[in-house]
Amino acid sequence: MKLSDIFLILRISVLLCVLSLLVSCSGGGGSSKIKAISEAQPGSRSVESVSITGKVKYADGVLVNATLEGIRVDLLVDMDMNGEYNSNEGDKIYSTLTDPQGYFRFYEVIVPSTGTHGLLKVKAPGFIPYTKEYFLIPRVPLSVGDIELEPAPSITISLNSTSRSAGHIWIIYGKDGSLTAHRGSRALDPLTVNGSMVAVKIDPVEIPDNVTSLTVTLKGYDSTNPRDIKFFPGDFRGEDPNGKLSEVSLESVTFSYMEFRDQNGNPVNFNSPRSRSRQSEDPCEGDILIFLTPEALKKVNHFRDVDRSKQGCQAPLYTYGSQSPSGSTDGKWRYRGTLTLCAVSPEGKFVPVDCTDNSSDMY
């Protein structure tokens with residue numbers, strides 16, 4: 001049976017701003033290749049300063065009638081070197097605006113004398129936020145180069161008693177950059193015909209009753225594409241799935257940006273998922289579908305199955321941008337579980353497939 005269109009499928013609702021499929025540097029079985037990230041030590045807590053400069057521009061090929069002046073740039077400095085950014089605990093926050101050419105500058109940024117991490121955040125209305133973590137060294141000026149901003153593809157869905165009862169909502173980001181909404185339980189035809197890059201299923205039951213319209217921003221990226229990987233948020237390190245190390249180094253296969261806002265522009269806090277007792281045991285029945293290019297599939301195959309107790313090839317899922325009730329953010333990738341590798345069969349159905357180094361027969 002010849003298979004085509006390989007997808008990674010997530011079975012639980014993920015309602016976070018940024019998600020990514022990353023693979024930790026360890027194979028399924030065999031010797032571990034996980035590399036721990038050493039933790040900085042506070043030392044004497046003496047401080048010095050550093051300057052940071054950079055330039056914001058719109059991504060190549062993007063035609064916008066907007067100025068580069070006045071874009072907000074925030075710099076969060078981890079003064080206590082605990083891996084989190086919280087002004088209530090003494091961490092510093094610096095803010096500035098870009099000039100007419102898009103340049104920004106931070107002078108006399110206070111950092112521990114031993115150096116520490118800083119989180120740079122750039123956000124402009126209508127564009128996907130930029131977030132990167134840098135290591136700040138006293139008296140060593142940092143130039144971050146050009147920061148490209150991409151338009152945020154968005155679609156708004158009206159919600160009333162009739163639309164809420166019409167079944168699941170599928171939001172599909174296509175390989176051609178289109179963003180569409182579909183109704184139905186699987187939405188398989190739009191996926192295979194239009195060629196999706198990432199698709200998200202939303203259950204109207206989980207949308208709060210006071211939300212009368214839902215604006216969804218969704219964009220998928222292929223980490224094997226040099227143009228896409230430069231938009232990767234944060235750093236290539238994150239939570240150890242096994243809980244043994246404070247951090248592990250990561251390699252991204254694909255990542256997506258998603259955001260949900262109500263009619264007033266406020267982030268939507270979804271209701272707790274309803275009971276999944278009636279959910280099919282089909283491992284390819286899920287809420288998020290991510291298409292894999294041949295190069296991305298090779299990466300998954302290289303790192304092998306991370307959970308052999310489940311049917312089909314399993315790959316780890318990480319999310320980024322979590323924030324605690326106290327307002328702190330760690331700027332790290334958090335492990336959220338696994339996704340199942342599935343293919344579209346000649347009959348037009350999703351079927352689980354195993355990890356294999358010989359993936360050419362799937363295309």
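Atoms considered below: every heavy atom in the structure, side chains included; atoms not considered: hydrogens, waters and symmetry mates.
Shortest non-hydrogen contact noted between C355 and N301 is CA-OD1, 3.7 Å. The two residues V77 and Y94 make their nearest non-hydrogen contact at CG2-CE1, 3.9 Å. Scanning both residues, T224 and E295, for their nearest heavy atoms gives OG1-CB, 3.6 Å. Smallest separation of non-hydrogen atoms from T180 and H182: OG1-NE2, 3.0 Å. The two residues T319 and R336 make their nearest non-hydrogen contact at OG1-NE, 2.7 Å. Heavy atoms only, all atoms of each residue included: I202 and V216 are closest at CD1-CG2, 4.1 Å.
A heavy-atom distance below 4.5 Å is not found between the side chains of L142 and V109. Looking at heavy atoms from C-beta onward, N271 lies in side-chain contact with P208 at the 4.5 angstrom threshold. When side chains are defined from C-beta on, L218 counts as touching L179, because their heavy atoms get closer than 4.5 Å. Using a 4.5 Å cut-off on side-chain heavy atoms (C-beta onward), R72 and V122 make no contact. Taking 4.5 Å as the limit, some side-chain heavy atom of P204 sits within range of a side-chain heavy atom of I169. In this structure, the side chains of I171 and M258 stay at 4.5 Å or more apart for every pair of heavy atoms. With a 4.5 Å cut-off on side-chain heavy atoms, F106 and V73 count as touching. You'll find the side chain of S249 stays beyond 4.5 Å of the side chain of R237, heavy atoms only.
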L68 and Y58: CA distance, side-chain angles, deciding distance, side chain to side chain contact (heavy atoms under 4.5 Å, CB included) verdict: CA-CA 8 Å; L68 288 170; Y58 299 118; 3.5 Å; yes
Side chain to side chain contact (heavy atoms under 4.5 Å, CB included) assessment of K132 paired with I147: CA-CA 10 Å; K132 282 286 185 182; I147 295 174; over 6 Å; no
Chi angles and distances behind the ring-ring contact (aromatic ring centres under 6.0 Å, His included) call for F260, F270: CA-CA 9 Å; F260 306 86; F270 287 80; 5.2 Å; yes
Verdict with supporting geometry, L159 and T212, side chain to side chain contact (heavy atoms under 4.5 Å, CB included): CA-CA 5 Å; L159 295 171; T212 58; 5.6 Å; no
Intermediate values then yes/no, side chain to side chain contact (heavy atoms under 4.5 Å, CB included), R105 and S51: CA-CA 7 Å; R105 303 164 184 84; S51 62; over 6 Å; no
Residues K219, Y257; criterion side chain to side chain donor-acceptor pair (under 3.5 Å); working and verdict: CA-CA 5 Å; K219 184 176 177 65; Y257 177 84; over 6 Å; no
Residue pair T340, Q314: steps toward the side chain to side chain donor-acceptor pair (under 3.5 Å) verdict: CA-CA 5 Å; T340 302; Q314 302 293 315; 3.0 Å; yes
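Salt bridge absent: D74 and K123 never bring a charged side-chain N and a carboxylate O closer than 4.0 Å. Using a 4.0 Å cut-off between a side-chain N of Lys or Arg and a carboxylate O of Asp or Glu, E150 and R227 qualify as a salt bridge.
For the atom pair CG of D99 and NZ of K55, the computed distance is 9.0 Å after rounding to the nearest 0.5 Å. The NZ atom of K298 sits 9.5 Å away from atom OG1 of T293, with the distance rounded to the nearest 0.5 Å. To the nearest 0.5 Å, the span separating NZ on K310 from CG on L339 amounts to 9.5 Å. Considering CG of L245 and CG of D240, their distance stands at 4.5 Å, rounded to 0.5 Å. N269 CG to I207 CD1: the interatomic distance, rounded to the nearest 0.5 Å, is 12.5 Å. We find the NZ-OG distance between K299 and S223 to be 6.0 Å, quoted to the nearest 0.5 Å.
Summarising the local packing, CG of N225 is surrounded by more than 12 heavy atoms from other residues, nucleotides or ligands at distances under 6.0 Å. Counted within 6.0 Å of NZ on K92, heavy atoms from surrounding residues, nucleotides or ligands total 12 or fewer; the atom is thus considered open. Within a 6.0 Å radius of CD in E108, other residues, nucleotides and ligands contribute 12 heavy atoms or fewer. For R164, the CZ atom sits in a packed shell: over 12 heavy atoms of surrounding residues, nucleotides or ligands are nearer than 6.0 Å.
D228 places no side-chain N or O within donor-acceptor distance of the main-chain N or O of Y221, the cut-off being under 3.5 Å. Panel note: side chain S163, backbone S158; a donor-acceptor pair is recorded below 3.5 Å. Judged by distance alone, the side chain of S143 and the main-chain N or O of P141 form no donor-acceptor pair under 3.5 Å. At least one donor-acceptor pair closer than 3.5 Å links the side chain of Q263 to the backbone N or O of N210. Between the side chain of T338 and the main chain of A315, no donor-acceptor pair closer than 3.5 Å is present. With N264 contributing its side chain and N266 its backbone, the two residues share no donor-acceptor pair below 3.5 Å.
Hydrophobic clustering of Ile, Leu, Val, Met, Phe, Trp and Tyr side chains at less than 4.5 Å, counting indirect connections, unites V140 with F135. Y107 and Y134 are assigned to two separate hydrophobic clusters, defined by single-linkage of ILVMFWY side chains at heavy-atom distances under 4.5 Å. Under a hydrophobic-cluster definition in which Ile, Leu, Val, Met, Phe, Trp and Tyr are linked whenever side-chain heavy atoms come within less than 4.5 Å, directly or via other members, V50 and Y103 are assigned to different clusters.
Across D78, V47, L136, a single residue satisfies side chain to side chain contact (heavy atoms under 4.5 Å, CB included) together with V111, and that is L136. Here the options are Y320, Y318, F236, F255, the test is ring-ring contact (aromatic ring centres under 6.0 Å, His included), and the partner is W333; only Y320 passes. For the side chain to side chain contact (heavy atoms under 4.5 Å, CB included) criterion with I290, the lone passing option out of T254, V253, D222 is T254.
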